[in-house]
Undergrad: 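One structure is given below, represented as structure tokens, and several questions about it will come after.
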Amino acid sequence: RTGNPKSKISPLRRFHDDAGIHQSSGSRFRHANRVPPKGSTEKKTEITRQNDKFEAKFKRDEAGEEHQARSPRYCFRKSPQIGPESSGLCLIFGKLLFPKGRHVDAIDPAADTSRCNHSPSDLTLQNCRMSRKILVTAALPYANGHIHIGHLVEYIQTDIWVRFQKLRGHHCVFVCADATHGTAIMIRARREGRSEEAVIAAMRAAHMRDFAGFQIQFDNYGSTNSPDNREACHEIWAAIRDAGLVKIRSVEQLFDPVAGTFLADRFVRGTCPKCGAADQPGDNCSVCGAAYTPADLRDPRSILSNAIPELRSADHLFIELEQLRPFLEDWSQNGGHLQPEVARYLKGNFLGDPLRDWDVSRPAPYFGFEIPDHPANYWYVWFDAPIGYIASTREYCRQHGQHAADWWGPDSTAEIHHFIGKDITYFHTLFWPGMLHTAGFSLPSRIQIHGFLTVNGEKMSKSLGTFIKAETYL
């Protein structure tokens, strides 16, 4: 800007002028360092000349390699995907977000930060000094159905967050897997006349196709029916056994007399015993979030045959969560691991009463991993599914010459971030940290919980026909 420096202009206009940009109808922000039109007598302003000097700090080669710009006031990363004309925008955001004496934390971790003049004790700016190591997971999609746009709410927001962390220069790894075990897979395989392995292989291909269609980029995508997951399940189960948390109890379980099988939670629907919501699954209520057993439902019915289930007895293995109450109360209520409203919800709805024992086994027939010290019984899908996070990380590490203990070991400095839907809050905020704590693994740094994509105010439902598959949308 030229002219009288004392003239009255708006703070926003002054910001634009200082940064060397102006607004136009063609774009919100347009770089002012442009070539004057042919034949124009327009002269470069002082700000434009300063911008030219700033541009000269960048050297760009044909390979599009990364370069840094360093000054006593600014320290940030130059993305290889951004053209040289965007360097001014980097400076703009530096000025806009970080006033004098503060620095952008999105720097190249290899950059020389000795000239940064902010205090190393300022935790909000600690990333100017080091790169974070971040492991990110999204909930494992079940291998019995296709991805729909309700699922994609989670995977897209997680993918955006991961890309952002990588652009900031952090070592961020995004892992996921198919959840493949349970009665649902077994019943479907029987119905289709093929093996469970064939069913989950076909669904894996479909899931990967849909994720690719929406440009979701996982660093590793595994399966809970893998050798790595079996091994991790054995490790964690042995630790839980050694801690004296397991007990055997006879359970009256719902049995479908027409289908001839015990009914998994998802194959029973009825009225929630706590809030009275109708048509709820057999493990937890999607309306109030209460956790229960299928036998607790009022007016239950089998979705396999629509028959009224019968109660039959079988021995089940339980984990006594109440023994972990001191740890779970401290972890869930302190340290910022959960959103404040989630922490309050747990305190008011679960931690306010004695914690129920967690049923972690299912009798044969069942598709899953057989429990080594309890033959003819299998780990419930919600025991081995979250362990799939660890197994997928191990696969990634083996492929990239890294060590899984650097991510999940007790001395790891890595952050672990889980992105999940609110319907599986109970499993991820009580069962999962309790398992990890008992087995000596690193605990989640943050569990980010989101709501549902709704239709007419209700959760998208396959049974009600109110969901749109990813492939249909594409």
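When reading the values below, keep in mind they use all heavy atoms of this one structure, side chains included, and skip hydrogens, waters and symmetry mates.
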Undergrad: At their closest point, which heavy atom of Cys172 faces which heavy atom of Val162, and how far apart are they?
TA: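 Between these two residues, the closest heavy atoms are SG-CG1, 4.0 Å.
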Undergrad: So that I can tick it off, tell me whether Arg398 and Glu395 are bridged by a salt bridge, with the cut-off set at under 4.0 angstrom between side-chain N and carboxylate O.
TA: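 No.
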Undergrad: Taking atom types as modelled and ignoring hydrogens, do the side chains of Trp407 and Ser442 form a donor-acceptor contact shorter than 3.5 angstrom?
TA: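 The answer is no; no qualifying pair exists.
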Undergrad: Answer yes or no: is there an ion pair linking Asp299 with Arg269, defined by an N-O contact shorter than 4.0 Å?
TA: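 Not counted as a salt bridge, because no side-chain N and carboxylate O are separated by less than 4.0 Å.
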Undergrad: Could you please spell out the steps behind the side chain to side chain donor-acceptor pair (under 3.5 Å) verdict for Thr180 and Thr224?
TA: CA-CA 6 Å; Thr180 59; Thr224 58; 2.8 Å; yes
Undergrad: Is there a side-chain contact between Phe318 and Ile248 in this structure, where contact means two heavy atoms from C-beta onward sitting under 4.5 Å apart?
TA: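 Answer no - side chains too far apart.
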Undergrad: Should we say atom CD of Glu458 is surrounded by more than 12 heavy atoms from elsewhere, each under 6.0 Å from it?
TA: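 No, not enclosed.
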Undergrad: Do Phe383 and Phe369 have their ring centres less than 6.0 Å from each other?
TA: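 When the ring centroids of Phe383 and Phe369 are compared, they turn out to be at least 6.0 Å apart.
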Undergrad: Starting from the C-alpha separation in whole Å, work towards a yes-or-no answer on side chain to side chain contact (heavy atoms under 4.5 Å, CB included) for Trp237 and Ile371.
TA: CA-CA 9 Å; Trp237 180 250; Ile371 302 174; 3.8 Å; yes
Undergrad: Checking ring-ring contact (aromatic ring centres under 6.0 Å, His included) for the pair Trp379/His374: CA distance, chi angles, key distance, verdict?
TA: CA-CA 10 Å; Trp379 282 307; His374 200 59; over 10 Å; no
Undergrad: If only atom types and distance count, is the side chain of Thr429 paired as donor or acceptor with the main-chain N or O of Thr425 below 3.5 Å?
TA: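 Confirmed, Thr429 side chain pairs with Thr425 backbone.
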Undergrad: Under 6.0 Å from the ring centre and within 45 degrees of the ring axis: does the NZ or CZ of Lys422 meet both conditions for the six-membered ring of Phe452?
TA: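 Pair Lys422/Phe452 counts as cation-pi.
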Undergrad: Per the side chain to side chain donor-acceptor pair (under 3.5 Å) rule, which among Arg249, Gln253, Lys247 passes with His316?
TA: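 Answer to the side chain to side chain donor-acceptor pair (under 3.5 Å) test with His316 among Arg249, Gln253, Lys247: Gln253.
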Undergrad: Verify whether the ring centers belonging to Phe419 and His450 lie closer than 6.0 Å.
TA: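 When the ring centroids of Phe419 and His450 are compared, they turn out to be at least 6.0 Å apart.
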Undergrad: Compare every heavy atom of Asp357 with every heavy atom of Leu321, then report the nearest pair and how far apart it is.
TA: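 Taking every non-hydrogen atom into account, N-OD1, 4.3 Å.
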Undergrad: With a 6.0 Å cut-off on ring centres, are His417 and Trp161 close enough?
TA: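 Between His417 and Trp161, the centre distance is under 6.0 Å.
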Undergrad: Assess whether side chain to side chain contact (heavy atoms under 4.5 Å, CB included) is satisfied between Ile387 and Ile236, documenting all intermediate values.
TA: CA-CA 9 Å; Ile387 297 175; Ile236 292 176; 3.8 Å; yes
Undergrad: Quick one: pull up NE2 in His207 and CZ in Arg204 and give me the separation to the nearest 0.5 Å.
TA: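 CZ of Arg204 is found 10.5 Å from NE2 of His207.
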Undergrad: Rounded to the nearest 0.5 Å, how far does OG of Ser445 lie from CZ of Arg132?
TA: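 Between Arg132 CZ and Ser445 OG, I get 9.0 Å after rounding to 0.5 Å.
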Undergrad: Please determine, by modelled atom types, if Glu471 and His146 share a side-chain donor-acceptor pair under 3.5 angstrom.
TA: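 Glu471 vs His146: no donor-acceptor pair found between side chains.
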Undergrad: Hey, could you give me the CG/CD1 distance between Leu245 and Ile240, rounded to the nearest 0.5 Å?
TA: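 The CG atom of Leu245 sits 7.0 Å away from the CD1 atom of Ile240.
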Undergrad: Any cation-pi pair here, Arg362 with Tyr378, using under 6.0 Å and within 45°?
TA: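 No, a cation-pi geometry is absent between Arg362 and Tyr378.
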Undergrad: Can the ring centroids of Phe214 and Tyr155 be said to lie less than 6.0 angstrom from one another?
TA: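 Centroid distance Phe214-Tyr155: not below 6.0 Å, so no.
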Undergrad: Apply side chain to side chain donor-acceptor pair (under 3.5 Å) to Thr293 and Asp296, showing your working.
TA: CA-CA 5 Å; Thr293 68; Asp296 294 328; 3.0 Å; yes
Undergrad: Measuring only between side-chain heavy atoms, which start at C-beta, is Tyr396 closer than 4.5 Å to Val173?
TA: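 Tyr396 vs Val173: side chains touch.
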Undergrad: Distance from Ile216 atom CD1 to Arg163 atom CZ, nearest 0.5 Å?
TA: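 Rounded to the nearest 0.5 Å, the CD1-CZ separation comes out at 7.5 Å.
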Undergrad: Hey, mind stepping through Tyr380 and Ser361 against side chain to side chain contact (heavy atoms under 4.5 Å, CB included) and telling me if it holds?
TA: CA-CA 5 Å; Tyr380 173 46; Ser361 72; over 6 Å; no
Undergrad: Do Pro340 and Tyr345 have side chains that get closer than 4.5 Å, going by heavy atoms?
TA: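 Pro340 does not reach Tyr345 side chain to side chain.
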Undergrad: Do any N or O atoms from the side chain of Asp228 and from the backbone of Arg394 form a donor-acceptor pair under 3.5 angstrom?
TA: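 Looks like no, no N/O pair under 3.5 Å.
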Undergrad: Do Leu152 and Tyr473 have side chains that get closer than 4.5 Å, going by heavy atoms?
TA: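 With C-beta onward as the side chain, the pair stays apart.
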Undergrad: What heavy-atom pair brings Gly169 and Ser131 nearest, and what distance separates the two atoms?
TA: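 Closest approach of Gly169 to Ser131: O-OG, 3.1 Å.
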Undergrad: Given 3.5 Å as the limit, does a donor-acceptor pair link the side chain of Asn377 with the main chain of Pro375, or not?
TA: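 Checking the backbone N and O of Pro375 against the side chain of Asn377, a donor-acceptor pair under 3.5 Å is found.
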Undergrad: Could you check, using the six-membered ring where one of them is a Trp, whether His418 and Tyr389 have ring centers closer than 6.0 angstrom?
TA: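 Between Tyr389 and His418, which both carry aromatic rings, the centre distance is below 6.0 Å.
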Undergrad: Are Trp382 and Phe431 close enough, and set up right, to give a side chain to side chain contact (heavy atoms under 4.5 Å, CB included), and what steps lead you there?
TA: CA-CA 9 Å; Trp382 267 109; Phe431 296 163; 5.7 Å; no
Undergrad: Please answer whether the main-chain N or O of Gly150 pairs with a side-chain N or O of His148 as donor and acceptor at a distance below 3.5 Å.
TA: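 Looks like yes, one N/O pair under 3.5 Å.
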Undergrad: Could you check if a side-chain atom of Asp330 sits within less than 4.5 angstrom of a side-chain atom of Leu328, using non-hydrogen atoms only?
TA: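 No, too far: nothing below the 4.5 Å cut-off.
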Undergrad: Rounded at 0.5 Å granularity, tell me how far CG in Leu474 sits from CD1 in Ile149.
TA: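 Between Leu474 CG and Ile149 CD1, I get 10.5 Å after rounding to 0.5 Å.
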Undergrad: Charged N to carboxylate O below 4.0 Å: is that the case for Lys347 and Glu341?
TA: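 Looking at Glu341 together with Lys347, the answer is no, because their closest N to O distance does not fall below 4.0 Å.
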Undergrad: Say whether, by atom type as modelled, one donor and one acceptor occur between the side chain of Gln339 and the main chain of Ile449 under 3.5 angstrom.
TA: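 Such a contact is found between Gln339 side chain and Ile449 backbone.
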Undergrad: May I ask you to check whether over 12 heavy atoms, not counting those of Ile308, lie within 6.0 Å of atom CD1?
TA: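 Check fails, neighbour count at 12 or below.
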Undergrad: Shortest non-hydrogen contact from Ala391 to Ser226?
TA: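 Shortest heavy-atom separation between Ala391 and Ser226 comes out as CB-OG, 4.3 Å.
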Undergrad: Quick one: CD1 on Ile147 to CD1 on Ile468, what's the gap to the nearest 0.5 Å?
TA: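 One finds 15.0 Å between CD1 of Ile147 and CD1 of Ile468.
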Undergrad: Any side-chain heavy atom of His171 within less than 4.5 Å of one from Ile134?
TA: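 In short, these two side chains do not touch, never coming nearer than 4.5 Å.
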Undergrad: Could you tell me whether Arg446 and Glu415 have a side-chain N and a carboxylate O separated by less than 4.0 Å?
TA: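 Between Glu415 and Arg446 there is no salt bridge, as every charged N stays at least 4.0 Å from the carboxylate O atoms.
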Undergrad: Salt bridge or not between Arg312 and Asp256? Use side-chain N to carboxylate O under 4.0 Å.
TA: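 Salt bridge absent between Arg312 and Asp256.
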Undergrad: Taking all non-hydrogen atoms of both residues, which atom of Gln280 and which atom of Leu297 are closest, and how far apart?
TA: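 Minimum heavy-atom contact is O-CD1, 4.0 Å.
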Undergrad: Carefully, step by step, assess Tyr221 and Asp178 under the rule side chain to side chain donor-acceptor pair (under 3.5 Å).
TA: CA-CA 8 Å; Tyr221 194 85; Asp178 271 349; 2.5 Å; yes
Undergrad: Tell me whether Asn284 contacts the main-chain N or O of Tyr292 through its side chain, where contact means a donor paired with an acceptor under 3.5 Å.
TA: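 Judged by distance alone, no pair lies under 3.5 Å.
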Undergrad: Could you walk me through whether Glu310 and Arg301 pass salt bridge (Lys or Arg N to Asp or Glu O under 4.0 Å), step by step?
TA: CA-CA 10 Å; Glu310 300 175 355; Arg301 71 181 188 281; over 6 Å; no
Undergrad: Considering only heavy atoms from C-beta outward, does the side chain of Pro281 approach that of Val268 to under 4.5 Å?
TA: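 No, their side chains stay 4.5 Å or more apart.
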